[in-house]
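Working notes, beginning with the structure itself.
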Amino acid sequence: LPHKTSSCQNTTMLTCPPPLSTYIAACAGEASGDLIAAPILQSLKTLLPTPTPVWGVGGKRMQDSGMILAHSYHPLAVRGYVEVLSHIPSILKLRHSLLKDMDKHLPELFLVDTQAARQNIGLSAAQCQNPVIAILPGSRSSEIKYLGSVFFDTIRLLSARYPNCQFVIPVAHENLMPALQNLMDHHEFKEQIHLLCGHAGLAIAASDVVLVASGTATLETALYKKPMVIAYKVPWLTAQIMKRQGYLPYVGLPNIL
């Protein structure tokens, strides 16, 4: 496997995932992510039943906790607008290399900080500095039919109040893309909307808050410890029938559990 030496940390890095059947990928985009992730990696050593290598992007603290560094986080640790322009080529090169390597050998688990998650879903360095809202409108065509326009109206209201806010929408299935693409194409704030093919976990990790259709996605959002607004909409007759069924007064699985 190819190796390289990092001048900033004077350590050997493994640029491809370890040649084992199981490994964990991790990505920290700056020093605070490195600081927070390091004790998590230490804890994994005691929690996992068998030794499992961790590979990815990080810093000295994560490396000292046993992580195999593919790349240092230093090229990613930039902020601002004009300041990031000179760093864009190196950031894109790192991102391409990381995704290409993981495509060859998928990890069992991917640990990622918010900044790195935003970069991995394609937000620019400038967009990463703004508030990010994940929109999860459901995985059924009926949910898109009833909730899609409501959620896009919500984007309109929020964009008017918070002009720099970014909206990330992971599309659960390929067949749902045309309807959501159509809603986005006719939206006056479409430059702030980002449609993803899947990657709901990354979208949630990248977000500050989540607007989510009632369903199992609310559990996933709760596991990420993200604040959420849960919504659902059904035909009038269905709503009338449900009101008379004596169900629990909750629309979110985390509330029930």
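For clarity, every value in this text was computed on a predicted model and none was experimentally measured.
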Which value, rounded to the nearest 0.5 Å, describes the distance between Q129 atom CD and N164 atom CG?
-> 11.5 Å
Locate the shortest heavy-atom distance separating I144 from G138; write the atom from each residue and the value.
-> CD1-O, 3.9 Å
With sequence neighbours excluded, what pairs up with S159 under the side chain to side chain contact (heavy atoms under 4.5 Å, CB included) test?
-> I155, F167, F189, Q192
Correct closest heavy-atom pair for A231 and F151 would be CB-CE1, 3.8 Å
With rounding to the nearest 0.5 Å, note down the distance linking OG in S90 to NE2 in H71.
-> 11.5 Å
Measure across M62 and A26 and return the closest heavy-atom pair with its distance rounded to 0.1 Å.
-> CE-CB, 4.0 Å
Check whether any side-chain heavy atom of V57 sits under 4.5 Å from a side-chain heavy atom of L94, and report yes or no.
-> yes
Residues in side chain to side chain contact (heavy atoms under 4.5 Å, CB included) contact with S214, at least two apart in sequence or another chain = I230, Y232, V251
With a 3.5 Å cut-off and sequence neighbours excluded, list the donor-acceptor pairs that the side chains of residues 172-181 form with protein atoms.
from: Q181; atom 1: NE2; to: D185; atom 2: OD1; distance (Å): 3.0

Using a 4.5 Å cut-off on heavy atoms from C-beta on, say whether the side chain of C27 contacts that of N120.
-> yes
Answer yes or no: is there a side-chain heavy-atom contact under 4.5 Å between L123 and V132?
-> yes
Of all residues at least two apart in sequence or in a different chain, which pass the side chain to side chain contact (heavy atoms under 4.5 Å, CB included) check with K233?
-> Y146, L147, V150
For E143, the salt bridge (Lys or Arg N to Asp or Glu O under 4.0 Å) test, sequence neighbours excluded, returns R140
Rounded to the nearest 0.5 Å, how far does CG of D64 lie from CG of D34?
-> 8.5 Å
Heavy-atom pair of closest approach, residues I68 and P53 | CD1-CB, 4.1 Å
In this structure, CD1 of I169 is separated from CG of L136 (nearest 0.5 Å) by 9.0 Å
Looking at the rings of Y23 and H105, which for Trp means the six-membered one, are their centres under 6.0 Å apart?
-> yes
Considering all heavy atoms of both residues, which atom of A205 and which atom of Y224 are nearest to each other, and what is their separation?
-> CB-CE2, 3.8 Å
Quick one: pull up CD1 in I204 and OG1 in T221 and give me the separation to the nearest 0.5 Å.
-> 3.5 Å
Would you say H187's side chain and F152's backbone share a donor-acceptor pair under 3.5 angstrom?
-> yes
With sequence neighbours left out, what residues match V209 under side chain to side chain contact (heavy atoms under 4.5 Å, CB included)?
-> I133, P227
For A25 and M102, which heavy atoms make the closest approach, and how far apart are they?
-> CB-SD, 3.6 Å
Treating Ile, Leu, Val, Met, Phe, Trp and Tyr as nodes and any side-chain heavy-atom pair under 4.5 angstrom as an edge, say whether I91 and L99 lie in one connected cluster.
-> yes
Enumerate the residue pairs fulfilling salt bridge (charged side-chain N to carboxylate O under 4.0 Å, His left out) with a member in residues 120-130, sequence neighbours excluded, ordered by first and then second residue.
-> none
Pairs where residues 199-222 contributes a residue and the test salt bridge (charged side-chain N to carboxylate O under 4.0 Å, His left out) is met, not counting sequence neighbours = R118-D208
With sequence neighbours excluded, give me every salt bridge (charged side-chain N to carboxylate O under 4.0 Å, His left out) pair touching residues 87-100.
-> none
Could you check if a side-chain atom of Q119 sits within less than 4.5 angstrom of a side-chain atom of C128, using non-hydrogen atoms only?
-> yes
Which atom pairs, one a donor and one an acceptor, fall under 3.5 Å between side chains of residues 37-51 and the rest of the protein, sequence neighbours left out?
from: S43; atom 1: OG; to: P39; atom 2: O; distance (Å): 3.0
from: K45; atom 1: NZ; to: S65; atom 2: O; distance (Å): 3.0
from: T46; atom 1: OG1; to: S43; atom 2: O; distance (Å): 2.8

Scan for salt bridge (charged side-chain N to carboxylate O under 4.0 Å, His left out) pairs involving residues 144-163, sequence neighbours excluded, and state none if there are none.
-> D153-R156, R156-E188
Between W55 and L69, is any pair of side-chain heavy atoms under 4.5 Å apart?
-> no
Partners meeting side-chain hydrogen bond (donor to acceptor under 3.5 Å, both in side chains) with S124 (sequence neighbours left out) = Q127
For side-chain contact (heavy atoms from CB on, under 4.5 Å), just list the numbers for L196 and V171, CA-CA rounded to whole Å, side-chain angles, deciding distance to a tenth of an Å, and then say yes or no.
-> CA-CA 6 Å; L196 308 176; V171 183; over 6 Å; no
Can you tell me how far CD1 of I24 sits from OG1 of T52, rounded to the nearest 0.5 angstrom?
-> 5.5 Å
Does a side-chain heavy-atom distance below 4.5 Å link P75 with H87?
-> no
If we only count heavy atoms from C-beta on, is the L219 to P254 side-chain gap below 4.5 Å?
-> yes
Beyond-backbone contact of V210 with V229, side-chain heavy atoms, under 4.5 angstrom = no
